[in-house]
**Q** 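My structure is below; once you've seen it, I'll send some questions.
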Number of protein chains: 2
Amino acid sequence: MGRRYNSPNEEGVASITDRSSGLGVQRKSNQIYEAIREDIVALRLVPGSMIYENELAEELRISRTPIREAIRLLVSEQLLEVLPQRGTRIAQISERKVSETRFIREQLELGAFRMAARLWDPVKHARVRETIIQLLQRQQEAVRAGEIALFLQLDEAFHYAIMEITGNATLLQVVYEMRGHLNRLRCLALQQFHHMDQVMEEHRALFAAVEQGDEALTAELLGRHLGKLDAELPELRAAYPQYFQE
Amino acid sequence: MGRRYNSPNEEGVASITDRSSGLGVQRKSNQIYEAIREDIVALRLVPGSMIYENELAEELRISRTPIREAIRLLVSEQLLEVLPQRGTRIAQISERKVSETRFIREQLELGAFRMAARLWDPVKHARVRETIIQLLQRQQEAVRAGEIALFLQLDEAFHYAIMEITGNATLLQVVYEMRGHLNRLRCLALQQFHHMDQVMEEHRALFAAVEQGDEALTAELLGRHLGKLDAELPELRAAYPQYFQE
DNA sequence: CCTTCCCAACTTGTATACAAGTTAAAAGTT
DNA sequence: AACTTTTAACTTGTATACAAGTTGGGAAGG
C-alpha cells in the first residue's frame, strides 16, 4: 500500500459522486470510500493485489466499521472483491467489464451530448462556456507538464460540464460509475501512446459542435472519441498482462 | 412495518441483482438488502415513512451490523435516506428522479433492444424464444387474476430476457437500479388505469419486431412503450400526493 | 526426502457496547 | 397561561469483542 488517506479529494477538481445522502455531515465511510476508489481508479492500487481491513484501520487510526462500509460500496461497484476470511482484492481489469461499461457510457453520453447540443443557448450558458474554456486551458497545461492523472481528471470534468447542461444528475452518477472501470485503462493508454494532444483536439471540436447546436456532428465526434479505447485495448493488454483478468 | 423478512425472494421470478460479489456464501446483509428493496419498490413500505435499525434487528433476530450494510446500499441507490440520529426514511417518489431515471432507462433499453434485434438468430435463440413466450403466457394469467405485483415482476423479466441477448450484465444491473425508482409509479399506474391488457399487446408487438430483426420498428415500439409513464404521472401525482416529494 | 496432518496466525462476519446527537414532553419560571 | 429550560428516551455513528473460516508452515510419520 504505502499511502496515507488523510486528505481525501485534495486535488481541487470537484467530485460528482457524493454517495452520502447529500444531507448533513460527511461520514467517515464516505471519505474513505472516495479515497480508496480514487486510488484504485488511478492505478495507485495494483489490480489483483490484496488489502485488509485491519491494515487500513491501523493506517487511518479508526475502527474497521467505517472501512467495511466503504468496502461494501466498492464491492457493489465491482471495483473490489471480498474473499470471505481471506481478504479483499483489488479487481483486475476485465475485458468483459470494460466493453460492457463502454457501451453503457456511450449510450448515455451520446444521449446527453445530443440533448446538450439541442438545449445550448449562448446567453443562458455563458458561464458554462467560460468554465469549459477554462477547463480546456487547464487541460492543455496538464499536457505540457505531462501530468497524466491531472489530465484525466480534467478530461472527466470536461465531459461532466457538458452533460450537466441536461440537468440529469443521475446520469452523471451512472457515467461516473462506469468510468471507474474505464479510467484505469485510459491511464495505461496515456502512458503508452502519449496521445493527449489528439484528445485535446477532439474535445475542442466536440465543444464547438455543441455550441453550434449541431446534434448530428456532436454524436459523430463523440462516437469516434469514445471508440478509441477499443482499438487500444489489445496492445495495452499485451503490455500490462498482469493487470488483466481472464 | 408489519412484515416478516424470513423468506426473501420467495416469488419464484429470478432476480437479476445479486449485489454480493457473486462468489461464495450469501451474506445476511444481501438477503436483507433484497427484502427491504422489494418492499420499497412494491410500495409495501410507504414512501416518506420511517424505519429504524433496532426495530428491524429485533424483527429479524439479528444484530444491527448486517442491517446497516443493507441500508447503506439502499442509500447509495437513493431509495433510503438516513437522517443522522433520527432514523431512516423511505424515499418519497421524486418527479425529478423519475424523469432522470426514465431517460437513462430509455437510452439503455433502446440500445440493448436494437442490438438484440440485430443479433437475433432463430436457431441460436430457440430456447430464449421459448422462455419469452412462457413469460408472456404467465403474464397474461397474471392479468386474468388481477395480480399487479406478479404482473410487474413478469414485465421486468420480459425486458431482461430480451436484453440478456446482448450479454451485457452490467447494463441489466443499471437498468435494474433505474427501475427501482420507476416501479413504484408503475404500481400506482396499474391500480389507477387497469391497462395491463394494453401493456401485454405492446410486449407481444415488441417481441415480434425483435424476432423479425427489425431494428427501427423495435426502437419505435419501445420508445412509445416506455414513454407512457410521462403522460400518466400528473394524474397519479394528483391521486396520491402523499407519496410524492417537492 | 516426501507426504500427511495439525495447529497457530491470520482473515472477514457478526454481535455488542459505548459515544454523540435529536426530540419531545415534563418541569420550572415569569 | 405562556414561555423557557431541563432531561430522559430515543436515534444513528463508531469502536471493540467474539465467532467462524482459510491458510501456510512445521511436526510427525512413512
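Here is the naming used below: chain letters follow the sequence lines, and residue numbers restart at 1 for every chain.
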**Q** How many whole angstroms separate atom CG of Leu80(A) from atom P of dT12(C)?
**A** 11 Å

**Q** Measure from the side-chain heavy atoms of Pro66(A) and tell me the nearest of dA15(D), dG13(D), dT12(C).
**A** dA15(D)

**Q** Checking contacts here: which listed nucleotide (dT11(C), dA15(C), dT11(D)) is nearest the side-chain heavy atoms of Tyr52(A)?
**A** dT11(C)

**Q** Hey, are Glu77(B) and Arg37(B) close enough for a salt bridge, meaning a charged N less than 4.0 Å from a carboxylate O?
**A** yes

**Q** Identify whether the distance between the nearest side-chain nitrogen and carboxylate oxygen of Lys228(B) and Glu232(B) falls below 4.0 Å.
**A** no

**Q** Do the side-chain N or O atoms of Asn54(A) get closer than 4.0 angstrom to the phosphate oxygens (OP1, OP2) of dT11(C)?
**A** yes

**Q** Hey, does the side chain of Thr88(B) come within less than 4.0 Å of dT11(D)'s phosphate (OP1/OP2), counting only N and O?
**A** no

**Q** Taking 4.0 angstrom as the limit, do Arg96(B) and Glu246(B) come out as a salt bridge?
**A** no

**Q** Please state how far atom CG in Leu56(B) lies from atom C1' in dT11(D), giving the value in whole angstrom units.
**A** 13 Å

**Q** Could you tell me the separation between the CG atom of Leu83(A) and the P atom of dT22(D), rounded to a whole number of Å?
**A** 11 Å

**Q** How long is the line joining CD of Glu58(B) and C1' of dC10(D), in whole Å?
**A** 13 Å

**Q** Name the residue closer to the 5' end of DNA chain D, choosing between Gly87(B) and Ile62(A) according to the nucleotide with the nearest heavy atom.
**A** Gly87(B)

**Q** I need the CZ-C1' distance between Arg68(A) and dC18(D), as an integer number of Å.
**A** 14 Å

**Q** How many whole angstroms separate atom CE of Met50(A) from atom C1' of dT12(C)?
**A** 10 Å

**Q** Does atom CD of Glu58(A) have more than 12 heavy-atom neighbours, drawn from other residues, nucleotides or ligands, at distances under 6.0 Å?
**A** no

**Q** Establish, with yes or no, whether the OP1 or OP2 oxygen of dT23(D) is under 4.0 angstrom from a side-chain nitrogen or oxygen of Arg86(A).
**A** yes

**Q** So, are Glu69(A) and Lys28(A) salt-bridged, with charged N and O less than 4.0 Å apart?
**A** no

**Q** What is the separation between atom CZ on Arg64(B) and atom C1' on dT16(D), rounded to the nearest whole Å?
**A** 14 Å

**Q** For Glu69(A) and dA15(D), give me the distance from atom CD to atom C1', rounded to whole Å.
**A** 12 Å

**Q** Between dT11(D), dT12(C), dA15(C), which nucleotide gets closest to the side-chain atoms of Lys28(B)?
**A** dA15(C)

**Q** Please confirm whether any donor atom in the side chain of Gln85(B) sits under 3.5 Å from an acceptor in the base of dT11(D), or the reverse.
**A** no

**Q** Between Thr65(A) and Ile71(A), who's closer to the 5' end of DNA chain C by nearest nucleotide?
**A** Ile71(A)

